[in-house]
Amino acid sequence: MLLVLLGPPGCGKGTISSHLLSKGNFIHISTGDLIREEIKTQSDLAKKINDYVLEGKLVPDEITNELLKKKILSLDISNSNIILDGYPRNENQAKFLETILNVNIVLNIKVDENVIVKRITGRRICPKCNTIYNIYFNKTKEDNKCDKDGSLLVQRTDDNEVTIKKRIKTFNENNIPLLNFYKSKNLVHDIQNDKDDPKYTFELIDKMLEI
Ligand code: ADP
């Protein structure tokens, strides 16, 4: 099964992905993570990509499509379910994806816009195990340290209020055509994910996916 997670920044795609990974046989592919990995290499390409990310703009499709394809080709996906998190982000990417894999289900995660900014500015991430915390809703036991491995948590450089506003704008510009593309194929399921506690969202998704 190939599951696509659609939704604005801060809608909970990462948290839902972690939940699904804990339930079983899933492989998680996030283009945001692939792009951040590439940026760490400090290559010429990395510098170019970093400007787009900090501007809250989409990295050009030809770069993102290649990163995704390379990742998929590197994995043994024959017996696993795949979660695509943050890809596709526009219709052009959705069409590219069709040339590699068939999408089975699209979860359209919705969240009120004023919840987004608080979720993202409060987000902290473990650089070692990628667990996501939030200083408002999902605190660590010890201040700013990962509950699982004790690493000092970090904040993404694009998780600041100015870039967030731009990321939301970019999302709004691309989302309707993308959603319509998948609606015409009858693949879309809406999920409202406004609550601070994601438990009910998880239950809903588990039921939907029968896991
Ligand atoms: P969010 O969903 O909160 O924006 P991501 O980690 O998915 O966070 O993405 C961070 C940034 O990486 C985006 O703002 C964009 O610049 C880039 N990016 C991620 N996925 C894509 C994609 N599919 N196409 C183009 N750019 C992308």
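Each ligand, and each atom within it, is numbered from 1 in the order the structure gives. Since this is a predicted model, take the numbers as computed values, not measurements.
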K.L.:
Report the member of K166, K57, R89 with the shortest heavy-atom distance to atom 9 (O) of ligand 1.
P.N.:
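Closest candidate by heavy-atom distance is R89.
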
K.L.:
Could you tell me whether K185 sits above the aromatic face of F181, with NZ or CZ closer than 6.0 angstrom to the six-membered ring centre and within 45 degrees of the axis?
P.N.:
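Positive - K185 is close enough to the ring of F181 and near enough to its axis.
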
K.L.:
Starting at CZ of F202, measure out to CD1 of I16 and round the result to the nearest 0.5 Å.
P.N.:
6.5 Å

K.L.:
Can you tell me if E55 has a non-hydrogen atom under 4.0 Å from ligand 1?
P.N.:
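E55: no contact with ligand 1 (<4.0 Å).
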
K.L.:
Pick one of side chain, backbone, both or neither for how R123 approaches ligand 1, counting any non-hydrogen atom pair under 4.0 Å.
P.N.:
side chain

K.L.:
Over all heavy atoms of both residues, which pair between K148 and T131 is shortest? Give the atoms and the distance, please.
P.N.:
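That closest heavy-atom pairing would be NZ-OG1, 3.1 Å.
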
K.L.:
Would a single hydrophobic cluster contain both L68 and L2, if residues Ile, Leu, Val, Met, Phe, Trp and Tyr are joined by side-chain heavy-atom contacts under 4.5 Å?
P.N.:
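Yes.
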
K.L.:
Under 4.0 Å, heavy atoms only, figure out whether ligand 1 is touched by the backbone of T64, its side chain, both or neither.
P.N.:
side chain

K.L.:
Who's closest to atom 8 (O) of ligand 1 heavy-atom-wise, of K13, R119, R156, R36?
P.N.:
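Closest candidate by heavy-atom distance is R156.
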
K.L.:
N/O of R167 under 3.5 Å from N/O of ligand 1, yes or no?
P.N.:
yes

K.L.:
Just to confirm my output: which protein heavy-atom neighbour is closest to atom 20 (N) of ligand 1, and how far is it?
P.N.:
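Ranked first by proximity to atom 20 (N) of ligand 1 is T31 OG1, 2.9 Å.
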
K.L.:
Number the atoms of ligand 1 from 1 as they appear, then name those within less than 4.0 Å of a heavy atom of Q93, with their elements.
P.N.:
22 (C), 23 (N), 24 (N), 25 (C)

K.L.:
Do N65 and Y87 pair up side chain to side chain, a donor and an acceptor below 3.5 Å, judged on atom types alone?
P.N.:
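Yes.
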
K.L.:
Is there side-chain contact between K195 and T201, with heavy atoms separated by less than 4.5 Å?
P.N.:
no

K.L.:
So which protein heavy atom does atom 23 (N) of ligand 1 come closest to, and at what separation?
P.N.:
G86 O, 2.9 Å

K.L.:
Nearest heavy atom to atom 11 (C) of ligand 1: which of I164, I35, D158 does it belong to?
P.N.:
D158

K.L.:
Using distance alone, determine whether V59 and ligand 1 share an N or O pair under 3.5 Å.
P.N.:
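By distance alone, the answer is yes.
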
K.L.:
Can you hop from I27 to I83 via hydrophobic side chains spaced under 4.5 Å?
P.N.:
no

K.L.:
Are V103 and I211 connected in a single hydrophobic cluster, I mean Ile/Leu/Val/Met/Phe/Trp/Tyr linked by side-chain heavy atoms less than 4.5 Å apart?
P.N.:
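Different clusters.
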
